[in-house]
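Worksheet: the structure to be examined is printed underneath.
Quantities reported herein were computed from a predicted structural model and do not represent experimental measurements. Just so it is clear: chains get the letters A, B, ... in the order the sequence lines come, proteins before strands, and each one is counted from 1.
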Protein chains: 2
Amino acid sequence: MKDRMTPAARMGGHTQRGQCAKRMSILDAAADVFCRQGFAGASIDEIAAVACVSRQTIYNHYREKETLFVAVVEDVMNRANAMLFSVLSSFPDNADDLEGELTAFAVRLNKNCICNHDGKFLRKLVQTEGERYPHLFESWRQQGPGKLITALSALFARLAHKGTLVIDDFDVAARQFVALGNADLQMMILLGATPTDEELEKAARNAVRTFLKAYGRPVAEKAGQQPQLAAISG
Amino acid sequence: MKDRMTPAARMGGHTQRGQCAKRMSILDAAADVFCRQGFAGASIDEIAAVACVSRQTIYNHYREKETLFVAVVEDVMNRANAMLFSVLSSFPDNADDLEGELTAFAVRLNKNCICNHDGKFLRKLVQTEGERYPHLFESWRQQGPGKLITALSALFARLAHKGTLVIDDFDVAARQFVALGNADLQMMILLGATPTDEELEKAARNAVRTFLKAYGRPVAEKAGQQPQLAAISG
DNA sequence: GACGTTTTAGACAATGGCGTCTAATTTTAC
DNA sequence: GTAAAATTAGACGCCATTGTCTAAAACGTC
């Protein structure tokens, strides 16, 4: 105790597992409390209690409440970005069953990126504290929704080039795809409730059906087509 | 000063304008501060300062912070409900130009109900404090989005009955109409920014075009139709 | 102008949270 | 086992906020 050096200052590879576990525990607890109470309403003491850690330990890792908050947001954003990248990469290159693939993709997107814990956290915190931390918000916007729309836009451009879709504005189509995918889940998304798998499936089917009615290649027999009811039976 | 009676207790019609003005001033200021800072972050002193009123006056009208908060939410909800009703009633009975009417309607809806001050307030507060006040949230959900979807659903049912639209699930169509209308404005809505009239118009046009491609009656010449670009020129 | 009511500014105690400090205890590395 | 580092519980000062209280001032009505 002769020199009093900042605990995590050197990170000399010495104590890793213990510290790391504490850090993660703190980050998780802080995310939980910040999400429920907001920045102003969250108390360090409550975070410490949830993390099963003493208050001083939090201050050892993060200089002050705001430092902890920024660290939490960045942590969640990193996880969310990784997940989004993974989901975006999951769309198959050759989609023989376009409707099925789009539906499954919408389910994955909603389930793992929008309706999950991290999605709820980011939406809520970005909305409440976004004006106070414009840098954080901008970073989220670019790497989250921005990347999503860009990727979808490119995907639709590819499909339009192949003649599978008929689209005049890929960016608009991408935003509309996401919007349609959320249409049936809006309330749950706003409330932060977690939809069931059935709800996710149904919402995605509704979204993709409408999307394809608008942007699908007009097949020759469309005029004489039945009013879509037969297709749902399966 | 002999009996100390609650100021607004009797409302004997005596002093109305002065008190009423104070009340409205307090409600407006509180809405502003609550919206920016959240419930926990808002301080009575700041609200008093914004309202140009002493702190004690606030406590004369509202017993405590929470009472004020609930009153503010109810006040904004009342205004928002009236506005929504007005917009919902504005759709003409006989729409000869369906695309134009739907577009204008979407503009009105977004401009006056979703992207305006009250809309931003309610979305933000319902999201942040909804779990703490489930009753308020539920009331908002029913009278706001619930009423909107019900009314749109009925409207689409009427149009489908007339043969103007081809829809199998009116509720889904209603949700999708709203979702499409917000698709291009999501970021601004989340951030609480106010879109320009041009942005509103463009978003509504994109939404209605896609909506009608999906649900519009398949006209005979559709197969040979130009890719919609000609229609935008005007 | 007089009277009752409302508003105001400021003081006040109570509460609670933040961030610091300390001394004791536990963990970790060697 | 030993020494360094990390963690803990608790106390502490500080500050902001809530909600109350009081005496003075402003207001509206007659």
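For A:K65, the salt bridge (Lys or Arg N to Asp or Glu O under 4.0 Å) test picks out no residue, with sequence neighbours left out. A search for ring pair (Phe, Tyr, Trp, His ring centres under 6.0 Å) contacts involving A:F170 returns nothing, not counting sequence neighbours. B:D169 meets the salt bridge (Lys or Arg N to Asp or Glu O under 4.0 Å) test with no other residue; sequence neighbours excluded. Looking at residues two or more places apart in sequence or on another chain, you find a salt bridge (Lys or Arg N to Asp or Glu O under 4.0 Å) between A:E129 and A:R132. Partners of A:Y215 under the ring pair (Phe, Tyr, Trp, His ring centres under 6.0 Å) rule, at least two apart in sequence or in another chain, are A:F211. Under the side-chain hydrogen bond (donor to acceptor under 3.5 Å, both in side chains) criterion, A:N94 pairs with no residue at all, not counting sequence neighbours. The salt bridge (Lys or Arg N to Asp or Glu O under 4.0 Å) search around A:D93 returns none, not counting sequence neighbours.
Near DNA chain D, meaning a heavy atom under 4.0 Å away, there are no residues from residues 40-51 of chain A.
Per the geometry, CZ belonging to B:F69 stands 18 Å off P belonging to D:dT17, to the nearest Å. Rounded to an integer number of Å, the gap from A:Q37 CD to C:dG17 C1' is 13 Å. Whole-Å rounding puts the A:F39 CZ to D:dA16 C1' distance at 14 Å. In this structure, B:K22 atom NZ and C:dT6 atom C1' are separated by 9 Å, rounded to whole Å. One interatomic measurement links the two molecules: CD1 of B:I58 to P of C:dT7, which rounds to 11 Å at whole-angstrom precision. Between B:R63 atom CZ and D:dT20 atom P the separation is 9 Å, expressed in whole Å. The distance from atom CD1 of A:I26 to atom P of D:dT7 is 8 Å, rounded to the nearest whole Å. Taking atom CD on B:E64 and atom C1' on D:dT18, their separation rounds to 10 Å, with Å as the unit.
A:D32 places none of its side-chain heavy atoms less than 4.5 Å from the side chain of A:D28. A heavy-atom distance below 4.5 Å is not found between the side chains of A:Y133 and A:V73.
In this model, the phosphate group of D:dT8 is approached by a side-chain N or O of A:T57 to a distance below 4.0 Å at OP1 or OP2. For B:H61 and C:dT6, the shortest distance from a side-chain N or O to OP1 or OP2 is not below 4.0 Å.
Nearest-nucleotide mapping onto DNA chain C: of A:K65 and B:V53, the residue sitting toward the 5' end is B:V53.
Using five terminal pairs a side, the axes of the helix from C:dG1-D:dC30 to C:dC30-D:dG1 at its two ends make an angle of 40°, given in steps of 10 degrees.
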For residues 46-56 of chain B, which side-chain donor-acceptor pairs fall under 3.5 Å, sequence neighbours excluded?
{"residue": "B:E46", "atom": "OE1", "partner": "B:Q37", "partner atom": "NE2", "Å": "3.2"}
{"residue": "B:E46", "atom": "OE2", "partner": "B:Q37", "partner atom": "NE2", "Å": "3.3"}
{"residue": "B:S54", "atom": "OG", "partner": "B:Q56", "partner atom": "N", "Å": "3.4"}
{"residue": "B:S54", "atom": "OG", "partner": "B:T57", "partner atom": "N", "Å": "3.4"}
{"residue": "B:S54", "atom": "OG", "partner": "B:T57", "partner atom": "OG1", "Å": "3.2"}
{"residue": "B:R55", "atom": "NH1", "partner": "B:D45", "partner atom": "OD1", "Å": "2.4"}
{"residue": "B:Q56", "atom": "NE2", "partner": "B:N60", "partner atom": "OD1", "Å": "3.1"}

Run the side-chain donor-acceptor check on residues 179-190 of chain B: report pairs under 3.5 Å with partners two or more places apart or on a different chain.
{"residue": "B:D184", "atom": "OD1", "partner": "A:R175", "partner atom": "NE", "Å": "2.9"}
{"residue": "B:D184", "atom": "OD2", "partner": "B:N206", "partner atom": "ND2", "Å": "2.9"}

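Put simply, the side chain of A:Q56 and the base of C:dC21 share a donor and an acceptor less than 3.5 Å apart.
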List every contact pair, protein side and nucleotides 11-16 of chain C side both N or O, where the distance is under 3.5 Å.
{"residue": "C:dA11", "atom": "N6", "partner": "B:R55", "partner atom": "NH2", "Å": "2.9"}

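Salt bridge present: B:R141 and B:E138 bring a charged side-chain N and a carboxylate O closer than 4.0 Å.
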